[in-house]
*Asks:* 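The structure under discussion is supplied below as structure tokens; questions concerning it will follow.
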Amino acid sequence: MKDSPLISIIIPCYNGSEFIQKALESVKSQTYSNWECIVINDGSTDASEQIIKETIKENPQFTYHYKSNNGLSEARNTGMNLAQGKFIYFFDSDDLLDSEALENLLLLFEDDIDFVIGKNAITEGQSKQVAGYLEHFSHPFKKLNNTKNKDLIKLVLEYPVTSVVWNKLYRKSFLDKHQLVFKKGILHEDELWFFETLFHAKAIIFNNKATYYYNVANSNSITNDFKLRNLESYLEIIEYINEKYYQNASIDYIREMHSIYITHLKIRVIRYCYKKLNKKDKTIGNSKIKNSFQKVQTTRHKQVLNKHLEEFHYHFRIAEVLESDKILKFLRYFRSPKIFRKIKFILLLQKAKKLNTKNNRVINKVY
């Protein structure tokens, strides 16, 4: 870009005393200099406040704000309300930035691009020792348009992309135009944010360089401590997308897109949430899943995804009437080369088909 626009970096922090200093130092090290960093202390009870104030003292590019603990969504929303930049960048307090992160992402912007997605390196601890990478689109530097058929929804399912908020550079005017904020009171708010930003964007682009170091070793991260509330949040997101988007879609093709994303999230509920619960919570979780899946029933009429993925979604839609532990087995046995698992899959499929018939539920085959 010809000018040097202000970038607002938003860092929520809750009891991050172990990590926050190194996170802030990685902001200071940016090769791109026109930034402001808004640090939101979300009611920390440890030494976070003292460390933050000591690290950012006499540096006017940083601003510090304390608020009572209301969760990550509200902390990020507070940061967005305070942001003065043309672009917004979210950064979690237990991770690190590459020194060229802002410069690298900003260079990829064009007039119709609403956000740029950076590559994420995985680290086991707050360091730059790369242990792997999160899923990233395999064709960097290719502008992906979205204005006609909302095909970005399709793209992130066929070419899996990790649904995180951080390490994406957003055009603030885009967020303001569509009144995009984080839903309060839920966990995994990134899942909903990812869907909404993809749906509304005119175009996006991916970079090719790791600009963010994601620390998977933080034991306090919600991804490392799954409870019933994690599952409940996913179900809230599914019901929200159903009510706000799927039920109100006036164009058939876009309605198909909403339907496939809802199915995608239902699969994640079983594979990613239910699977990790303890035995007691699984009993409660099964009832909640059953009620939510029955409440959110979407239809399909046209092939949108590739045949492989459409087949997978079709079979899941048949199986979602089963008990959650049986759905999990169904997913595990799907396309298994082992003969006994194939037999078990067929038996579960037959049971699911009988339940669908009993409930007058018809699943269209679109591939």
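Below, each value reflects all heavy atoms present in this structure, side chains not excepted, and no hydrogens, waters or symmetry copies.
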*Asks:* When the ring centroid of F334 is compared with that of F316, is the distance short of 6.0 Å?
*Replies:*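 No - the distance between ring centres of F334 and F316 does not fall below the 6.0 Å cut-off.
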*Asks:* Compute the ring centroids of Y89 and W166, then answer whether they are less than 6.0 Å apart.
*Replies:*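 Ring centroids of Y89 and W166 are no less than 6.0 Å from each other.
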*Asks:* Quick check on F141: does its CZ atom have over 12 non-hydrogen neighbours (other residues, nucleotides or ligands) under 6.0 Å away?
*Replies:*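 Correct, the count exceeds 12.
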*Asks:* For Y159, is the OH atom crowded, meaning more than 12 foreign heavy atoms sit under 6.0 Å from it?
*Replies:*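 No, because the 6.0 Å sphere around OH of Y159 holds 12 heavy atoms or fewer from other groups.
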*Asks:* Do you see a donor-acceptor pair shorter than 3.5 Å between the side chains of E103 and T31?
*Replies:*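 Judged by distance alone, the side chains do pair up.
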*Asks:* Return the minimal non-hydrogen interatomic distance between I153 and M257, and the atom names on each side.
*Replies:*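 Of all heavy-atom pairs spanning I153 and M257, the closest is CG2-O, 3.7 Å.
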*Asks:* Establish, from distance only, whether the side-chain atoms of N167 and T211 form a donor-acceptor pair under 3.5 Å.
*Replies:*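 On atom types as modelled, these side chains qualify, holding a pair under 3.5 Å.
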*Asks:* How many angstroms lie between atom NE2 of H188 and atom CD1 of I237, to the nearest 0.5 angstrom?
*Replies:*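 Nearest 0.5 Å value for the NE2-CD1 distance: 7.5 Å.
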*Asks:* Could you check whether Y245 and E196, counting side-chain N and O atoms only, form a donor-acceptor pair closer than 3.5 Å?
*Replies:*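 Side chains of E196 and Y245: pair found under 3.5 Å.
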*Asks:* Considering only heavy atoms from C-beta outward, does the side chain of N34 approach that of I7 to under 4.5 Å?
*Replies:*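 SC-SC contact between N34 and I7 ruled out.
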*Asks:* Is a salt bridge present between D98 and K209, judged by a nitrogen-to-oxygen distance below 4.0 Å?
*Replies:*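 Result for this pair is yes, salt bridge flagged.
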*Asks:* Is it true that E311 and K365 make a salt bridge, defined as a side-chain N closer than 4.0 Å to a carboxylate O?
*Replies:*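 Between K365 and E311 there is no salt bridge, as every charged N stays at least 4.0 Å from the carboxylate O atoms.
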*Asks:* Any idea how Y272 and Y234 line up, ring-wise: parallel (<30°), tilted (30 to 60°), or perpendicular (>60°)?
*Replies:*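 Rings of Y272 and Y234: perpendicular, over 60°.
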*Asks:* Does K279 pair with D325 as a salt bridge, N-O distance under 4.0 Å?
*Replies:*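 No, K279 and D325 are not salt-bridged.
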*Asks:* To the nearest 0.5 angstrom, please state how far the OG1 atom of T162 sits from the CG atom of L134.
*Replies:*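 Rounded to the nearest 0.5 Å, the OG1-CG separation comes to 4.5 Å.
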*Asks:* Is there a donor-acceptor contact under 3.5 Å linking the side chains of N41 and E49?
*Replies:*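 The answer is no; no qualifying pair exists.
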*Asks:* Among K275, H315, R271, K326, find the residue that satisfies the side chain to side chain contact (heavy atoms under 4.5 Å, CB included) test when tested with L331.
*Replies:*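 With L331 as partner, K275, H315, R271, K326 yield a single side chain to side chain contact (heavy atoms under 4.5 Å, CB included), made by R271.
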*Asks:* Please name all residues satisfying ring-ring contact (aromatic ring centres under 6.0 Å, His included) with F174, sequence neighbours left out, ordered by chain then number.
*Replies:*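 So F174 forms a ring-ring contact (aromatic ring centres under 6.0 Å, His included) with H178.
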*Asks:* Surrounding CD of E135 (heavy atoms of other residues, nucleotides or ligands, distance under 6.0 Å), is the total greater than 12?
*Replies:*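 Enclosed.
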*Asks:* I'd like to know if the side chain of Q30 pairs up with that of S99 as donor and acceptor (distance under 3.5 Å, no hydrogens or angles considered).
*Replies:*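 No pair is found: no donor N or O on one side chain lies under 3.5 Å from an acceptor on the other.
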*Asks:* Flag the pair E232 and R229 as a salt bridge only when some basic side-chain nitrogen lies within less than 4.0 angstrom of an acidic carboxylate oxygen.
*Replies:*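 So E232 pairs with R229 through a salt bridge.
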*Asks:* List the steps, then state whether side-chain hydrogen bond (donor to acceptor under 3.5 Å, both in side chains) holds for S292 with E239.
*Replies:* CA-CA 7 Å; S292 182; E239 293 177 16; 2.9 Å; yes
*Asks:* Ignoring hydrogens, what is the shortest heavy-atom contact between L322 and L348? Give both atom names and the distance.
*Replies:*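 Looking at all heavy atoms of both residues, the shortest contact is CD1-O, 4.0 Å.
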*Asks:* Would you please indicate yes or no on a ring centroid separation below 6.0 angstrom for F199 and H258?
*Replies:*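 Ring-ring flag for H258/F199: true, centres closer than 6.0 Å.
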*Asks:* Starting at NZ of K351, measure out to NZ of K354 and round the result to the nearest 0.5 Å.
*Replies:*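 Answer rounded to 0.5 Å: 10.0 Å.
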*Asks:* Taking atom CG as the centre, does N364 end up with more than 12 heavy-atom neighbours from other residues, nucleotides or ligands that are less than 6.0 angstrom away?
*Replies:*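 Counting neighbours around CG of N364, more than 12 heavy atoms of other residues, nucleotides or ligands fall under 6.0 Å, so yes.
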*Asks:* Which distance, rounded to the nearest 0.5 Å, do you find between the CG of D95 and the CD1 of I122?
*Replies:*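 Spacing of CG (D95) from CD1 (I122) equals 11.5 Å.
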*Asks:* Within the 3.5 Å criterion, strictly below it, is a donor on N69 or D42 matched to an acceptor on the partner's side chain?
*Replies:*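 D42 and N69 do have a side-chain donor-acceptor pair below 3.5 Å.
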*Asks:* What are the two closest non-hydrogen atoms of S324 and N286, and how far apart are they?
*Replies:*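 Smallest heavy-atom distance, with atoms named: N-OD1, 2.8 Å.
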*Asks:* Could you check whether atom NZ of K67 has more than 12 heavy atoms from other residues, nucleotides or ligands sitting under 6.0 Å from it?
*Replies:*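 Yes, enclosed.
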*Asks:* Measure across G85 and S8 and return the closest heavy-atom pair with its distance rounded to 0.1 Å.
*Replies:*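 Smallest interatomic distance, heavy atoms only, reads N-OG, 2.8 Å.
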*Asks:* Between S48 (side chain) and G16 (backbone), is there a donor-acceptor pair under 3.5 Å?
*Replies:*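 Confirmed, S48 side chain pairs with G16 backbone.
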*Asks:* For a 4.5 angstrom cut-off between non-hydrogen side-chain atoms, does M80 reach N77?
*Replies:*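 Yes; the side chains approach each other to less than 4.5 Å.
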*Asks:* Mind telling me whether F195 and Y261 have parallel, tilted or perpendicular rings, with 30° and 60° as the class edges?
*Replies:*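 Geometry flag for F195 against Y261: tilted rings.
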*Asks:* With ring centroids as reference points, do F330 and F345 lie under 6.0 angstrom apart?
*Replies:*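 Between F330 and F345, the centre distance is under 6.0 Å.
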*Asks:* Is R317 paired with E320 through a side-chain N to carboxylate O contact shorter than 4.0 Å?
*Replies:*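 No salt bridge links E320 with R317.
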*Asks:* Is the W193 ring parallel, tilted or perpendicular to the Y170 ring (thresholds 30°, 60°)?
*Replies:*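 W193 and Y170: perpendicular rings.
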*Asks:* Determine whether S163 and E191 satisfy the following criterion, side-chain hydrogen bond (donor to acceptor under 3.5 Å, both in side chains), listing intermediate values before the conclusion.
*Replies:* CA-CA 6 Å; S163 54; E191 292 280 2; 3.2 Å; yes
*Asks:* Rounded to the nearest 0.5 Å, what's the gap from NE2 on H313 to CD1 on I262? Could you check?
*Replies:*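 Atom-to-atom, H313:NE2 and I262:CD1 are 11.5 Å apart.
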*Asks:* So, using side chain to side chain donor-acceptor pair (under 3.5 Å) as the criterion, who are the partners of E124 when residues are at least two apart?
*Replies:*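 If we apply the side chain to side chain donor-acceptor pair (under 3.5 Å) test to E124, skipping adjacent residues, there are no hits.
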*Asks:* Please walk me through it: do D92 and Y212 pass side-chain hydrogen bond (donor to acceptor under 3.5 Å, both in side chains)?
*Replies:* CA-CA 10 Å; D92 280 1; Y212 195 98; 4.8 Å; no
*Asks:* Which value, rounded to the nearest 0.5 Å, describes the distance between K183 atom NZ and Y240 atom OH?
*Replies:*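 K183 atom NZ to Y240 atom OH measures 6.0 Å (nearest 0.5 Å).
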*Asks:* Tell me, yes or no, whether the heavy-atom count around K184 atom NZ, taken from other residues, nucleotides or ligands under 6.0 Å, exceeds 12.
*Replies:*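 Incorrect, the count does not exceed 12.
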*Asks:* Return the minimal non-hydrogen interatomic distance between K302 and V366, and the atom names on each side.
*Replies:*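 That would be N-CG1, 3.6 Å.
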*Asks:* Could you pull out the closest heavy-atom pair between D114 and K202, with the gap in Å?
*Replies:*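 Distance-wise, the nearest heavy atoms are OD2-N, 2.7 Å.
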*Asks:* Does any donor atom in the side chain of N215 or D94 lie under 3.5 Å from an acceptor atom in the other side chain?
*Replies:*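 Note: N215 and D94 side chains miss the donor-acceptor criterion.
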